[in-house]
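Quick notes on the structure that follows.
Nothing here was measured: the structure is a model prediction, and the numbers come from that model.
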Amino acid sequence: MIQISSQSIVKGRMLNTNDTSLFISEIDQLLKKLDFKGIIELTKNYQFDFIDSQELKIFIERAEEEHTNWYENPLEIKINAIEAFQTKCIACFFGKSIKAYHAEYIQMKDDKLPGRIIYSKSIAIYFEIKNNELFDFGWCNAFLGKNEMAAL
């Protein structure tokens, strides 16, 4: 199934066991670098026969938006650190464990204190795995932050 807003559609297996493991590993490596263009290219390398083309398009559009926000930002973003962490969804897949990536960055052309304020942002992706096979994946928009997870 693919999650779009609050709707989901039940789908069949997307990838076999070997491809699932490889796909998740590759996505993880790309997100540790915030390489959204790489994620777009990666999705083209796999046969997602069970994904509605519109649903995959929405996933790719979000990756394109993230790329623009990070790498084509007029404030000129410089990433200081990226840290991966396990978290939990607090909305569509309530309680499901997901993987998040927390980035600290500065804005070199910030109006107030250029290059001196450290900002942070987290993004997350979920994978639905059954019997080691991928059934669903997508961006998670509501999850516990790094500090919230540490408090649990």
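- For the pair Tyr105 and Lys78, the minimum side-chain heavy-atom distance is 4.5 Å or more.
- Taking CD1 of Ile39 as the reference point, atom CZ of Arg62 lies at 10.5 Å (rounded to 0.5 Å).
- Each of Glu66, Glu72, His67 was evaluated against Trp70; a single residue qualifies, Glu66, per the side-chain hydrogen bond (donor to acceptor under 3.5 Å, both in side chains) test.
- Hydrophobic clustering of Ile, Leu, Val, Met, Phe, Trp and Tyr side chains at less than 4.5 Å, counting indirect connections, keeps Leu75 apart from Ile106.
- Here the side chains of Ile123 and Lys121 are in contact, with some heavy-atom distance below 4.5 Å.
- Side-chain polar atoms of Lys88 and Ser97 form a donor-acceptor pair below 3.5 angstrom.
- Atoms CZ and OG1, from Phe36 and Thr68 in turn, are 10.5 Å apart once rounded to the nearest 0.5 Å.
- In the model, Glu26 has a side-chain atom that pairs as donor or acceptor with a side-chain atom of Tyr46 under 3.5 Å.
- Under the 4.5 Å side-chain criterion, counting only non-hydrogen atoms from C-beta, Lys32 is not in contact with Leu30.
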**Request:** For the pair Glu61 and Lys57, evaluate salt bridge (Lys or Arg N to Asp or Glu O under 4.0 Å) and give the outcome as yes or no after the intermediate values.
**Result:** CA-CA 6 Å; Glu61 285 173 352; Lys57 180 182 174 195; 3.8 Å; yes
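- The hydrophobic cluster containing Ile125 also contains Ile79, counting ILVMFWY residues as joined when their side-chain heavy atoms lie under 4.5 angstrom apart, directly or transitively.
- When side chains are defined from C-beta on, Glu133 does not count as touching Leu15, because their heavy atoms never get closer than 4.5 Å.
- Tracing side-chain contacts under 4.5 Å through hydrophobic residues (I, L, V, M, F, W, Y), one reaches Ile82 starting from Leu31; they form part of the same cluster.
- Looking at heavy atoms from C-beta onward, Gln107 lies out of side-chain contact with Pro114 at the 4.5 angstrom threshold.
- The six-membered or imidazole ring of Phe23 lies near that of Phe137, with a centre-to-centre distance under 6.0 Å.
- A cation-pi geometry, defined here as NZ or CZ lying under 6.0 Å from the six-membered ring centre and within 45° of its normal, holds between Lys130 and Phe135.
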